[in-house]
Amino acid sequence: MSLIIIGLLGGLITGISPCILPVLPVIFLTGGAQSARFDGEGPASAARSRPYLVILGLVISFTLVTLLGTLLLGLLNLPQDVIRWVGIAVLVLIGLGLIVPRIERLLERPFQRLASRREVRNQGSGFGVGLALGTVFVPCAGPVLAAIIVAGATGRIGADTVLLTVSFSIGVAIPLLFFALAGRGLVQRIRAFRARERGIRIAAGVAMLALAVGLAFDVPQRLQRLIPDYTAQLQRDLTDNPEARDALDLGGLVNEENKDLDQCSNGAAALESCGTAPSIKGIEAWLNTPNGAPVRIDALRGRVVLVDFWAYSCINCQRSIPHVVAWDAAYRDAGLSVIGVHSPEYAFEKDAANVAAGARDFGITYPVALDNTLSTWTNYRNRYWPAHYLIDADGVVRHVAFGEGNYAATEKLIRELLQDADSQVVLPSETEVDDRTPESDTRTRETFLGSSKEVNYAGDRDYAAGEADYEFPSTQAADTFSLERRWNVQTQFATPVTPDGGGIRLSFRAAEVRMVLGGEGTVVVRLEGGGERTVQVSGTPRSYAVFEGDGVVSGTLDAEVSAGVQVYSFTFG
């Protein structure tokens with residue numbers, strides 16, 4: 001019930017958001033206005049059903065594309081944008097059909113099985129219009145839609161995911177259907193419209209062709225940036241509570257392997273029993289194993305196993321990994337096996353060479369699994385970078401720790417399990433690695449510049465994907481960033497557009513500031529009150545230090561980013 005309510009409300013909010021504005025003229029004209037022209041000329045049911053057919057087609061195609069599009073394209077090794085371009089092409093064909101009746105008759109033939117020939121002739125291309133719109137209708141990726149997309153992209157499409165997706169689609173359909181019915185009602189009431197059937201058809205065709213051309217050149221996206229997102233706060237209110245977050249946690253679906261993991265509490269001081277360890281699955285490649293051979297959990301019975309989920313550019317992982325490396329070095333001969341499961345946050349983290357370079361930089365010599373499809377991540381129902389799962393010699397999960405910190409407790413439990421596995425084992429002294437975990441709320445949170453995970457933006461205009469001009473605000477709040485000059489904001493990073501580059505102003509609290517950068521060029525960092533550092537950026541994207549202090553300070557830095565450099569995020573130590 002929670003999923004249904006969240007899905008419906010999320011869809012309703014999206015259905016009235018600025019993102020649907022580009023498709024409204026098409027829905028108004030093809031779903032509503034056109035249906036009114038049949039009154040008195042054919043079956044009344046044909047006129048009444050057309051708006052519903054348009055919205056039904058949109059809901060069906062949007063649902064299938066969202067859930068299965070990524071999986072299908074991955075199986076066929078096709079680019080992720082193929083479905084969108086097919087949808088645009090179909091819109092062009094239907095638009096031409098509305099203007100040229102002969103083309104419309106050809107397009108209607110595949111759908112004649114859905115109804116009688118007479119009904120199809122009277123209904124025009126309603127269902128086909130809806131199918132085409134569903135492939136290009138990409139609403140604002142709020143938390144509800146994001147959860148659906150992640151579940152679909154990771155291949156974890158269960159009943160909960162389908163239920164949430166269908167309820168979300170129905171929620172979106174309600175305001176769109178209202179608009180289509182309003183179009184029909186308007187034409188029915190105004191006789192001048194009813195007398196111009198041919199003009200309405202041509203207007204609908206022109207609107208659809210305009211939408212197709214606009215989508216091809218990202219015009220709707222640019223228009224949306226000019227309109228404030230008046231539904232953003234509604235989205236936050238809907239999902240910013242524990243019940244909603246738990247309901248949307250579709251990335252960690254329960255199955256027979258992982259159903260007992262909830263019996264482990266996060267960071268417990270004593271050993272617990274959380275069921276047999278889930279398998280490591282869906283791995284693209286292995287590092288640090290003989291000839292890249294895979295490692296199986298069940299083949300390590302008799303040894304204590306630590307499974308560490310990490311990503312090489314994650315600042316939290318960078319502070320955690322020295323502890324894991326030290327445990328591996330200290331306890332490997334005593335019966336500990338460490339497995340690093342590299343689960344990427346960014347697309348560049350899927351590259352095996354990038355991960356291998358990161359592993360070398362951290363001194364990692366234990367096996368590393370490249371979990372690029374997040375299959376093992378979801379099999380362990382994980383939600384954190386880093387995350388540690390401690391498994392005893394019998395293959396039972398005995399301890400989990402999410403996030404940074406708690407290292408002393410984890411090491412104590414490692415030693416306890418090693419002694420349980422072999423009472424005669426001689427353990428070395430405990431490791432001595434400084435715990436650099438930041439104190440709670442004393443540092444700025446990790447700040448992403450990509451449009452999909454943007455946080456802490458303080459500019460005077462909306463922050464959205466695509467090219468736009470930005471200016472520093474006259475005043476800037478603490479723990480925020482702003483941009484200057486023209487930037488191209490992509491899903492995972494932002495990059496300057498103009499030859500003279502772009503500026504970033506960051507207000508922060510930290511003892512250390514790092515930037516995840518890619519591309520080729522320079523970043524010149526100037527601190528408020530003096531100090532300058534030039535960072536040369538080249539090679540694979542990675543984390544660069546731009547500020548180190550003796551302790552946590554509050555400050556402001558300005559970064560001049562040259563053209564050709566991609567800025568992914570700021571992380572704070």
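Sequence positions, counted from 1, serve as the residue numbers for this chain.
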Assess whether a salt bridge exists between Glu528 and Arg505, defined as any Lys/Arg side-chain N lying under 4.0 Å from an Asp/Glu carboxylate O.
no
Quick one, Ile321 and Trp310 - any side-chain contact, counting heavy atoms below 4.5 Å?
yes
Assess whether a salt bridge exists between Arg533 and Glu548, defined as any Lys/Arg side-chain N lying under 4.0 Å from an Asp/Glu carboxylate O.
yes
Taking only Lys NZ, Arg NE, NH1 and NH2, and the carboxylate oxygens of Asp or Glu, determine whether Asp469 and Arg486 approach each other closer than 4.0 Å.
yes
Can Thr165 and Thr63 be said to form a side chain to side chain donor-acceptor pair (under 3.5 Å), step by step?
CA-CA 6 Å; Thr165 306; Thr63 300; over 6 Å; no
Check the pair Arg526, Asp558 against salt bridge (charged side-chain N to carboxylate O under 4.0 Å, His left out), reporting the backbone distance first and the verdict last.
CA-CA 5 Å; Arg526 299 181 180 90; Asp558 285 326; over 6 Å; no
Passes side-chain contact (heavy atoms from CB on, under 4.5 Å), Leu370 versus Leu287? Steps please.
CA-CA 8 Å; Leu370 303 190; Leu287 306 177; 4.2 Å; yes
Give the ring-plane orientation class for His323 versus Trp327, where under 30° counts as parallel, over 60° as perpendicular and anything between as tilted.
tilted
Is the shortest heavy-atom distance from the side chain of Val489 to the side chain of Leu449 under 4.5 Å?
no
For Ser482 and Gln476, does a side-chain donor sit closer than 3.5 Å to a side-chain acceptor?
yes
Could you check if a side-chain atom of Val307 sits within less than 4.5 angstrom of a side-chain atom of Ile391, using non-hydrogen atoms only?
yes
Minimum heavy-atom distance between Pro278 and Ile297, given as atom pair plus value:
O-CG1, 4.0 Å
Less than 3.5 Å apart, any donor N or O on the side chain of Thr365 or Arg332 sitting next to an acceptor on the other?
yes
Nearest atoms (heavy-atom pairs only) where Gln318 meets Ser543:
NE2-CB, 3.5 Å
Ignoring hydrogens and geometry beyond distance, is a side-chain donor-acceptor pair present between Thr431 and Glu411 at under 3.5 Å?
yes
In Å and rounded to the nearest 0.5 Å, what is the CG to CD1 distance from Leu164 to Ile6?
7.5 Å
Between Arg509 and Ser554, is any side-chain donor less than 3.5 angstrom from a side-chain acceptor?
no
Taking all atoms of both residues into account, what is the closest heavy-atom pair of Pro473 and Ala458, and its distance?
CG-O, 3.6 Å
Validation row: Val525, Phe547 side chains within 4.5 angstrom (heavy atoms):
no
CG (Leu306) and OG (Ser337) are apart, to the nearest 0.5 Å, by 10.0 Å
With heavy-atom distances below 4.5 Å as the criterion, would you say the side chains of Phe572 and Thr447 are in contact?
yes
Examine the side chains of Asn488 and Thr495 and answer whether a donor and an acceptor come within less than 3.5 Å of each other.
no
Closest approach of Gly282 to Asp371 (non-hydrogen atoms, all atoms of both residues)
O-OD1, 4.4 Å
Can you list the steps and then say if Glu284 with Thr373 is a side chain to side chain donor-acceptor pair (under 3.5 Å)?
CA-CA 8 Å; Glu284 183 171 302; Thr373 61; over 6 Å; no
Suppose we screen for side-chain contact (heavy atoms from CB on, under 4.5 Å). Which residues come up paired with Asn288, at least two apart in sequence or across chains?
Ile364, Val368
Testing the basics here: between Thr289 and Pro367, what is the closest heavy-atom pair and its distance to 0.1 Å?
CG2-CB, 3.6 Å
Looking at every non-hydrogen atom in both residues, tell me the closest pair between Thr444 and Ser507 and how far apart they are.
OG1-O, 4.3 Å
Arg514 side chain reached by Glu512 side chain, heavy atoms, under 4.5 Å
yes
Report yes if some heavy atom in the side chain of Val324 is under 4.5 Å from a heavy atom in the side chain of Tyr366; otherwise report no.
yes
Centres of the Phe309 and Phe402 rings: under 6.0 Å?
no
Reference residue Phe481; test ring pair (Phe, Tyr, Trp, His ring centres under 6.0 Å); the match among Tyr463, Phe448, Phe570:
Tyr463
Check: Ile280 main-chain N/O paired with Asn379 side-chain donor or acceptor under 3.5 Å:
no
Near-ring test Tyr312/Phe362, centroid separation under 6.0 angstrom
no
Between Ser320 and His388, does a side-chain contact (heavy atoms from CB on, under 4.5 Å) hold up when you go through it step by step?
CA-CA 10 Å; Ser320 172; His388 302 139; 3.4 Å; yes
Point-to-point distance, once rounded to the nearest 0.5 Å, from CZ of Phe493 to OH of Tyr568
5.0 Å
Do any N or O atoms from the side chain of Glu257 and from the backbone of Ser279 form a donor-acceptor pair under 3.5 angstrom?
yes
I need the Glu430 CD to Ile414 CD1 distance, nearest 0.5 Å.
10.5 Å
Please tell me if the side chains of Val565 and Thr522 come closer than 4.5 Å, counting only heavy atoms from C-beta onward.
no
Verdict with reasoning, Glu520 to Gln536, per side-chain contact (heavy atoms from CB on, under 4.5 Å):
CA-CA 8 Å; Glu520 298 285 338; Gln536 297 292 334; over 6 Å; no
Let me confirm one number: the OG1-CG distance from Thr556 to Leu527, rounded to the nearest 0.5 Å.
9.5 Å
How many angstroms lie between atom CG of Leu506 and atom CG of Leu557, to the nearest 0.5 angstrom?
4.5 Å
What do the steps show when you test Tyr544 against Val537 for side-chain contact (heavy atoms from CB on, under 4.5 Å), and what is the final call?
CA-CA 9 Å; Tyr544 294 81; Val537 182; 3.9 Å; yes
